[in-house]
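First up is the structure itself, then whatever we jot down about it.
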Amino acid sequence: NPRSRMNGVKGESGASDDELASDVLSHYSSASESASVVDEATGGEPVDEQTAQEETEDKLKQCIDNLMDKSAKTRLAALDSLGGAFSSKLLYDFLLERRLTVSDCLERSLRKGGGEEQAAAATVCAQLCVQLGGGDEGEEGFKILRPVLSAIMIDGCASVAARQSCARALGMCCYVSAAEDGEDLVKSMSHLESVFTMSYPNREGTLPTPNAGTPGLHGAALHAWALLVTLCPASRLTVLLDLHLPKLQACLESSDVNYRIAVGETIALLVELGRDIDRFEDSDTLCESLKGLATDGNKHRAKNDRRKQRTIFREVLHYIENEDFSEEKIRFGVEGIYIDSWMRRRVYDAFKEVLESGVRHHLQFNPLLRDIFGLGPPLILDSSVKSSKISRFEKHLFNSAAFKARTKLRNKVRDKRADVM
């Protein structure tokens, strides 16, 4: 647990960093529960709720101040606290007036922090973009952070954990906040390609021997790139399929199980997108490779690795042979979404990587995720968000030209099914 790293260094408030962090998180996890209990018992006491909200915001302000502290431990604890709060609640109004301060602090941590601090800051960058939604503010933040996220990701001397976290953040920030002119999208994809194509076979057809940690980095960059491929127009998609499918097929022989799985999932996604534009011819050699991995009994591999690999590759093979996807339903509150395509799975998994256990909360209440998954406005309001604030956030999102452009792009290829149980 990253929060277990927090030690008892005193901040200016006199509270230790770990106390501050756990306070922020417990406030966030309990605010909505206690509010609903209060409402039921007394017919609603907004004063208590407001007090809890103000206390939480004070603690978050302290965390933001701590991002500028001289002590690396204090900054790391503050990043962990903000990460926990960003994943578990909607903070749009709070962040709107502080977004430039937070972006500046994150940029400083990325440029000057050690590997651990860079990795934590990159994750918070992705969460900040999800909090701000797909409008001008998110776009403005991404313009500041994209160059530094890319620079660390492609820097062979940076820590592998930091590079991996930057790859993930670059994918998510670009997916949510790239400008509609497509320039950020093209640049981000090309930087991600420069990382994972290092795993491609050389001219003789031999796969490079991976260094420690590089398969994880290549997998993160590949997954982030695959997320961005879902935004590409048909003309660009055609080029990408011709260029990458044969090379990715060769990477199915990679020695790392998790990288093989990332490659398999990406191949399935590319085939699905290719079929949408009638650009994929069935390939016997691809199916043969997939069959081998779907039935792999190689005793040199760990038992769990074999089982995990067989499960995923059976799905990939089944889809490529039969155009049939094993549908999954994600439930949250009284609602649910169907994950019924490789594209929806990649998008959902990307949000889950960034928001972790908070992804269900965001599916319930965050208009950005609800738009992406075709859920419509939130059914019930988060008790920490007044109804006037929700409408302000929605108005902001839906008035944004960039957001509309991306919505159009996503609407083309996504299934809008969502149901209420």
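Sequential numbering from 1 along the given sequence is applied to the chain's residues. No experiment lies behind these values; they were computed from the predicted model shown.
With rounding to the nearest 0.5 Å, the separation of CD1 in Ile330 from CZ in Phe373 is 9.0 Å. Here the CD-CG distance, from Gln131 to Asp93, works out to 11.0 Å after rounding to the nearest 0.5 Å. How far CE of Met68 is from CD1 of Ile64: 8.0 Å, rounded to the nearest 0.5 Å. Put simply, CG on Leu149 and SG on Cys166 are 5.0 Å apart, with the number rounded to the nearest 0.5 Å. Considering CD1 of Ile261 and OG1 of Thr311, their distance stands at 8.5 Å, rounded to 0.5 Å. Going from atom CZ of Arg344 over to atom OH of Tyr338 covers 10.5 Å, rounded to the nearest 0.5 Å.
Of the candidates Leu79, Thr74, Leu76, Asp104, Leu79 is the only one forming a side-chain contact (heavy atoms from CB on, under 4.5 Å) with Leu67.
Thr230 places a side-chain N or O within 3.5 Å of a backbone atom of Leu227 that can act as its donor or acceptor partner. With hydrogens and angles disregarded, no donor-acceptor distance shorter than 3.5 Å links the side chain of Arg168 to the backbone of Ala220. A distance-only check finds a donor-acceptor pair linking the side chain of Arg75 to the backbone of Lys70 [under 3.5 Å]. Although no hydrogens or angles enter the test, the distance criterion places a donor-acceptor pair under 3.5 Å between the side chain of Thr238 and the main chain of Ala234. Counting only distance, with no hydrogens or angles, the side chain of His218 and the backbone of Thr197 share no donor-acceptor pair below 3.5 Å. For Glu272 (side chain) and Met343 (main-chain N/O), a donor-acceptor pair under 3.5 Å exists by modelled atom type. Checked by atom type and distance alone, the side chain of Asn322 pairs as donor or acceptor with a backbone atom of His318 at under 3.5 Å. Using modelled atom types, one side-chain atom of Thr214 and one backbone atom of Asn211 make a donor-acceptor pair closer than 3.5 Å. Judged purely by atom type and a 3.5 angstrom limit, Asn202 uses its side chain to pair as donor or acceptor with the backbone of Gly205. Remark: the backbone N or O of Leu132 is not paired with any side-chain donor or acceptor of Arg99 at under 3.5 angstrom.
A salt bridge is defined here as a Lys NZ or Arg NE, NH1 or NH2 lying under 4.0 Å from an Asp or Glu carboxylate O, and Arg346 with Glu353 meets this definition. Look at Glu107 and Arg111 and you find a salt bridge, because one of the NZ, NE, NH1 or NH2 atoms lies within 4.0 Å of a carboxylate O, short of that distance. A salt bridge links Glu335 to Arg370: at least one charged side-chain nitrogen sits closer than 4.0 Å to a carboxylate oxygen.
Between the side chains of Ser87 and Glu356, not a single donor N or O lies within less than 3.5 Å of an accepting N or O.
For the pair Leu106 and Val148, the minimum side-chain heavy-atom distance is 4.5 Å or more. Contact annotation: the side chain of Arg360 never approaches that of Phe365 to less than 4.5 Å [non-hydrogen atoms, C-beta and beyond]. A heavy-atom distance below 4.5 Å is found between the side chains of Arg146 and Ser188. At a threshold of 4.5 Å between non-hydrogen side-chain atoms, the residues Leu207 and Cys251 count as touching. Looking at Phe142 and Ser103, their side chains never come closer than 4.5 Å, going by heavy atoms from C-beta outward. Put simply, the side chain of Thr266 reaches to within 4.5 Å of the side chain of Leu270, judged on heavy atoms. Annotation: side chain of Phe351 is in contact with side chain of Ile372 (closest heavy-atom distance under 4.5 Å). No side-chain heavy atom of Pro215 sits under 4.5 Å from any side-chain heavy atom of Ser254.
Annotation: Lys247, atom NZ; neighbour count of heavy atoms from other residues, nucleotides and ligands within 6.0 Å does not exceed 12. Heavy atoms from other residues, nucleotides or ligands lying under 6.0 Å from NZ of Lys61 number more than 12.
Cation-pi check for Arg310 over Phe313 is not met; the charged atom does not lie both under 6.0 angstrom from the ring centroid and within 45 degrees of its normal.
The heavy-atom pair separating Leu375 from Gly336 by the smallest distance is CD2-O, 4.2 Å. Of all heavy-atom pairs between Gly133 and Leu368, the closest is CA-CD2, 4.1 Å. Between Gln127 and Gly83, the shortest heavy-atom distance links the atoms OE1-CA, 3.1 Å. Between Gly171 and Ala224, the shortest heavy-atom contact is CA-CB, 3.8 Å. Across every non-hydrogen atom of Val195 and Ala221, the tightest pair is CG1-CB, 3.8 Å. For the residue pair Leu269 and Ala226, the shortest heavy atom distance occurs at CD2-O, 3.4 Å.
Ring-plane geometry between Phe196 and His244 is classed as tilted, the angle between the planes lying from 30 to 60 degrees on a 0 to 90 degree scale.
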- request: For Asn66 and Gln62, run side-chain hydrogen bond (donor to acceptor under 3.5 Å, both in side chains): C-alpha distance rounded to whole Å, both residues' side-chain angles, the deciding distance at 0.1 Å, then the answer.
  value: CA-CA 6 Å; Asn66 285 356; Gln62 182 64 52; 3.0 Å; yes

task: Evaluate side-chain contact (heavy atoms from CB on, under 4.5 Å) for Ile339 paired with Lys329, printing each intermediate quantity in order.
output: CA-CA 6 Å; Ile339 304 297; Lys329 188 175 184 185; over 6 Å; no

- prompt: Going through the checks in order, is the side-chain contact (heavy atoms from CB on, under 4.5 Å) test met by Val239 and Arg236?
  reply: CA-CA 5 Å; Val239 176; Arg236 181 87 189 121; 4.1 Å; yes

- prompt: Could you go step by step and tell me if Val316 and Val271 meet the side-chain contact (heavy atoms from CB on, under 4.5 Å) rule?
  reply: CA-CA 10 Å; Val316 174; Val271 168; over 6 Å; no

- request: Starting from the C-alpha separation in whole Å, work towards a yes-or-no answer on side-chain hydrogen bond (donor to acceptor under 3.5 Å, both in side chains) for Ser109 and Glu117.
  value: CA-CA 6 Å; Ser109 282; Glu117 184 177 338; 2.7 Å; yes

Chi angles and distances behind the side-chain contact (heavy atoms from CB on, under 4.5 Å) call for Leu252, Ile267: CA-CA 10 Å; Leu252 291 171; Ile267 287 172; 4.0 Å; yes

field: Criterion salt bridge (charged side-chain N to carboxylate O under 4.0 Å, His left out) on Glu315 and Arg345, from CA distance to verdict
entry: CA-CA 12 Å; Glu315 278 185 63; Arg345 178 182 281 183; 2.9 Å; yes

Identify all side-chain donor-acceptor contacts of residues 157-165 below 3.5 Å with residues at least two apart in sequence or on another chain.
| from | atom 1 | to | atom 2 | distance (Å) |
| --- | --- | --- | --- | --- |
| Ser159 | OG | Ala162 | N | 3.0 |
| Arg163 | NE | Met153 | O | 2.8 |
| Arg163 | NE | Asp155 | O | 3.2 |
| Arg163 | NH2 | Met153 | O | 3.1 |
| Ser165 | OG | Ala119 | O | 2.7 |
| Ser165 | OG | Thr123 | OG1 | 3.1 |

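Residues passing the ring pair (Phe, Tyr, Trp, His ring centres under 6.0 Å) test with Tyr348: none are found, sequence neighbours excluded. Taking the salt bridge (charged side-chain N to carboxylate O under 4.0 Å, His left out) definition, one finds that Glu193 meets it with nothing, sequence neighbours left out.
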